[in-house]
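Here the structure is laid out as structure tokens; the discussion comes afterwards.
Note that the structure is predicted; figures quoted are calculated from it, not measured. Side chains included, hydrogens not; waters and symmetry mates left out as well; all remaining heavy atoms used.
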Amino acid sequence: MANKKKSAAGSEVDWYLISIARLKQIGVGIVLLILAGGGWWYYAAQKGTPRNTAESAIGNARQALNALASSPELPNHRSEFDRAQKKLEEATSAFAATRYTDAQSSAVESQTISRAALNTGKDRENDAQFLTVEGDVQFQKSSTSDWKKADARTPLFNGDWVKTSDNASAELIFSNGSLYTIGPNALLEIYSTINPATSKKSNAVQMQVGSVEIATTDDASTVRTPGSQVVVDSESTTQVGVDRSKQTSVVATKGSAQLISATAGAQPVKLSAGEKVSASSEGDVSQVKKVALPPALATPADNQVFQLSGEPRVAFSWQPVAGAKGYLLEVSRSRLFSALEINSKRQKTTATAKVSSEGTFYWRVASIGPDGETGSFAPFRRFRVSGSSGTSSSDSDKKPPALHLLRPYPLGGPFYMIEGTTEPGATVLINDEEVDVDSSGHFKKIVSFNKLGRNAVVVKAINPAGVQAVQSETVLVEE
């Protein structure tokens, strides 16, 4: 209700008469708005905290574990259930100790183990698979204690183990295209997990001892080591080694990487190409330092052919590197350099070796810095030794080389393995990119296709006289 009243100055003033009940209603409304605004602020501020994130992850892990416990397949997955339960207990203990990051990590792993067990037998996509196996390489499934001989294309899942012996090496390809090259005397665990917030799989390994080189595509990959973890950024290459004392060494050779210490409150240490850092098993991190740059290789030229007759010698040479106190030359029959024919430190930038057998050889050189540490190797080159001294005018050289192409093998997503055989000494191009050919004529290469639908693969084999054989295949890339 409103009344108008004359003021002393003669102007009109509005008087609004509001009941006490109405004032109470307005007051209650204001209080409710304040409480609602405060509640919304508290929720927005707190929902993303490490504590709440860890609590949510533990809840999801407990739900997944309960689903596994009630599954009729539980008797077949008792070991997975025990592992998932143990990880959930670790997460709960870490949460009680306010170590929320550790709690979330253990809870996510528990959930991943339970999910994997529940999805067994439902066309579950593997986390990784062997791409190349050289020497004594074995794997162990998470649900067993038996070690089995590894073969190319053997699938691997979260919790599986891989080990290599002396003069052995292996390549693993993960579902995101990351390539892990494992050196001799290594032991590691596949550690792929699912991010509950995005449902996206992260690909990683847990390194116990040995060395691994990680080459990523458009996604990052992680290597967990005693006392730290190494995140290799996309489109990067990094070498990670763990010695017998559990000390971790990290060298970034392309792109960038980060070392994250397990020490509470430690900040990530960032590495660029040509930088190195070390960490102890307790998480103590050294200073970042530069490593000696690799030299540019000069001779022999890549794919140069030497004839075995006449006791030929191969002359190696490379460009000098400023500040290097020496060089390390390695020659191997394996492109993974798992077994070495030559392993020689040199003061000069030249070396000569006598050739006594046929086949394809690979060679590379690294610089030795002023501190005596060996830097990263230059990309390898290869040369071939042929037992015949045939000329381009021979009848055999006038014929196209034999070429047998296997059906392209899907590795997951846009990645396919292209594999086949040709004559030893021939050069092979896959979609105009040269690939390695071993002494038996076998070749293979991972090809990534960016176009959905049908894609053509053209393979050419060219003999020393330049005569070529061509075959093509079609692969279907689905979204």
Inset, instruction - Could you tell me whether K270 atom NZ has more than 12 heavy atoms of other residues or ligands within 6.0 Å of it? - result: no

Inset, instruction - Please work out which of the three classes, parallel, tilted or perpendicular, describes the rings of F337 and F380, given edges at 30° and 60°. - result: tilted

Inset, instruction - Just jot down the side chain to side chain donor-acceptor pair (under 3.5 Å) partners of R346, sequence neighbours excluded, or say none. - result: none

Legend entry - side chain to side chain contact (heavy atoms under 4.5 Å, CB included) between Q247 and S281, worked out: CA-CA 6 Å; Q247 176 164 305; S281 58; over 6 Å; no

Legend entry - Closest non-hydrogen atom pair, N176 against T217: O-OG1, 2.8 Å

Inset, instruction - For the residue pair L131 and I446, establish whether any side-chain heavy-atom pair is separated by less than 4.5 Å. - result: yes

Inset, instruction - For the residue pair Y416 and F449, categorise the inter-ring angle as parallel (less than 30°), tilted (30 to 60°) or perpendicular (more than 60°). - result: perpendicular

Inset, instruction - Ignoring hydrogens and angles, state whether a donor on the side chain of S221 or S178 is under 3.5 Å from an acceptor on the partner side chain. - result: yes

Legend entry - Side-chain donor-acceptor contact under 3.5 Å, E171 with T132: yes

Inset, instruction - Assign the ring pair F306 / F383 to parallel, tilted or perpendicular, where the plane angle (0 to 90°) is split at 30° and 60°. - result: perpendicular

Legend entry - Minimum-distance pair of heavy atoms, taken over all atoms of T222 and Y180: O-OH, 3.4 Å

Inset, instruction - May I ask you to test the Q129-L411 pair for a side-chain heavy-atom distance under 4.5 Å? - result: yes

Inset, instruction - Could you tell me whether the side chains of S169 and S338 share a donor-acceptor contact shorter than 3.5 Å? - result: no

Legend entry - Between S332 and S334, a side-chain donor and acceptor under 3.5 Å: no

Inset, instruction - Check whether more than 12 heavy atoms from other residues, nucleotides or ligands sit under 6.0 Å from atom CD of Q63, and answer yes or no. - result: no

Legend entry - Euclidean distance, L271 CG relative to L259 CG, rounded to 0.5 Å: 7.0 Å

Inset, instruction - Please round to the nearest 0.5 Å and tell me the distance separating atom CG of L297 and atom CG of D302. - result: 9.0 Å

Legend entry - side chain to side chain contact (heavy atoms under 4.5 Å, CB included) evaluation trace for F81 with L65: CA-CA 7 Å; F81 177 85; L65 185 65; 3.5 Å; yes

Legend entry - Contact summary for V133 and A150, nearest pair of heavy atoms: CG1-O, 3.7 Å

Inset, instruction - List the atom of V137, the atom of A170, and the distance in Å for their closest heavy-atom pair. - result: CG1-CB, 4.0 Å

Legend entry - side chain to side chain donor-acceptor pair (under 3.5 Å) partner of K276, the single match among Q287, E373, Q239: E373

Legend entry - Donor-acceptor pair between D243 and S245 side chains, under 3.5 angstrom: yes

Legend entry - Q471 side chain to H404 side chain, donor-acceptor N/O pair below 3.5 angstrom: no

Legend entry - Ion pair check, D371 and K289, cut-off under 4.0 Å: yes

Legend entry - Residue among T238, T237, V232, D233 satisfying side-chain contact (heavy atoms from CB on, under 4.5 Å) with K254: T237

Inset, instruction - Show your working on side chain to side chain contact (heavy atoms under 4.5 Å, CB included) between I190 and L172 and close with a plain yes or no. - result: CA-CA 10 Å; I190 304 300; L172 302 181; 4.0 Å; yes

Inset, instruction - To the nearest 0.5 angstrom, please state how far the CG atom of N60 sits from the CD atom of E55. - result: 11.0 Å

Legend entry - Aromatic ring proximity W161/F139, centre distance under 6.0 Å: no

Inset, instruction - Go through the side-chain N and O atoms of T216 and S234 and say whether any donor and acceptor fall under 3.5 Å apart. - result: no

Legend entry - S106 to E90 - nearest heavy-atom pair and separation: OG-OE1, 3.9 Å

Inset, instruction - Tell me, with the steps shown, if R62 and I58 meet side chain to side chain contact (heavy atoms under 4.5 Å, CB included). - result: CA-CA 6 Å; R62 185 172 289 112; I58 290 174; 3.7 Å; yes

Inset, instruction - Using the six-membered ring of Y362, assess whether NZ or CZ of R381 lies under 6.0 Å from its centre and within 45 degrees of the ring axis. - result: no

Legend entry - Basic-acidic side-chain contact under 4.0 Å: D432, K460: yes

Legend entry - Shortest non-hydrogen contact from S110 toward K87: CB-CB, 3.7 Å

Inset, instruction - Would you confirm whether D160, through its side chain, and F157, through its main-chain N or O, come within 3.5 Å as a donor-acceptor pair? - result: yes

Legend entry - Matching residue for V269 among I260, V250, V288, V230 - test: side-chain contact (heavy atoms from CB on, under 4.5 Å): V288

Legend entry - Polar contact flag, side-chain donor to acceptor under 3.5 angstrom, R333-S357: yes

